[in-house]
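Everything numeric here is computed off the predicted structure, so don't read it as measured data. Whatever order the structure lists ligands and atoms in, that order sets their numbers, starting from 1. Positions are given from 1 along the sequence.
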Amino acid sequence: MILPQVTRQSESKLVTAYGEFRMIGFKGQDSKVPIITLVCGTPTDLEWPLVRLHSKCTTSEAFGSCQCDCKEQLDISMRRIHEEKSGVIIFLDQEARGNGLSAKLKIYQEMQDYNLTSDKACEQLGLPIDSRKYDEAAAILFDLKLRQVRLLTNNPEKVNTLINCNICVERERIQVKPNKYNYAYLMEKQCRHNHDMGLQPLPDLESVLTLL
Ligand SMILES: [Zn+2]
C-alpha cells in the first residue's frame, strides 16, 4: 500500500490528568483538521510500544455520553500508555465512523425515533456503516519510526490496515464495562463488526439482542 503524505505542522508539550505528552500536529492529505498525535516518552526505545488509533467522538468525549464506549477507550489508552511511560495516541477526525458530526446527529435521531441500532440507522439514511481509514495513521507511525506496535484496539480493521502498510502488530484488547445505554451498540460491534469486545450476553438486557 502506498502511504499518504503527512507533514508535521507543530509540536508542543501537553500536560494531562494522566501525565505529560508531546503533542504533534500532523497535516494529512485527507483531513481538514490537524491529526493530533500524543507521544509519551520515547516509544522507539521499546520493542513493541503501545499505540492507539482513536476516532474522535464529540458526544462522549466532550459531553460524557453513556451511549458509546469511545471516551472510556481513550481514557484507558492514555492511562495504559502512561503506566508504561511510553506510547502513542493518534486522534483521527473520523466522527461517527467517518460520516461526520452532522450525520451523527441525524443517526442518533433516527436511532431514537425508530428504535434502531446505529448500523440500521445508517442504512436507513443511506450512509456508509464505516468509512474510516487508517492509512494516514500508518504514515504517522512511519514518521515516528515505529514499525512494530502493540495496538490497543478491539477492531480487526485497524490491525489489518497497519499490517497491509508493513507495520507488525500485536493486539491488546480494551475491555470496557457495558452499561444499559451502550449495550446494544457494543454488542453490535461484537456481533456484526467482529470487534473483540469480550462481551457476554446479559440476561437482563437480552431483549436488546433482537434489535441486532
Ligand atoms: Zn462514541
Check: Arg52 and Leu151 side chains under 4.5 Å, non-hydrogen atoms: no
Considering only NZ, NE, NH1 and NH2 on the basic side and carboxylate oxygens on the acidic side, decide whether Asp69 and Lys177 come within less than 4.0 Å. no
Would Ile140 end up clustered with Val169 when hydrophobic side chains under 4.5 Å apart are linked, directly or stepwise? yes
Name the one of Gln94, Lys158, Gln73, Glu61 that satisfies side chain to side chain donor-acceptor pair (under 3.5 Å) with His54? Glu61
Suppose clustering is done on Ile, Leu, Val, Met, Phe, Trp and Tyr with side-chain heavy atoms closer than 4.5 Å. Which residues sit in the same group as Tyr18? Leu14, Phe21, Met23, Ile36, Leu38, Leu50, Leu74, Ile76, Met78, Ile81, Ile89, Phe91, Leu152, Ile174, Val176
Hey, which protein N/O/S atoms does the Zn ion (ligand 1) have under 2.8 Å? Cys57 SG, Cys68 SG, Cys70 SG
In terms of side-chain geometry, is the basic nitrogen of Glu136 or Lys133 positioned less than 4.0 Å from the acidic oxygen of its partner? no
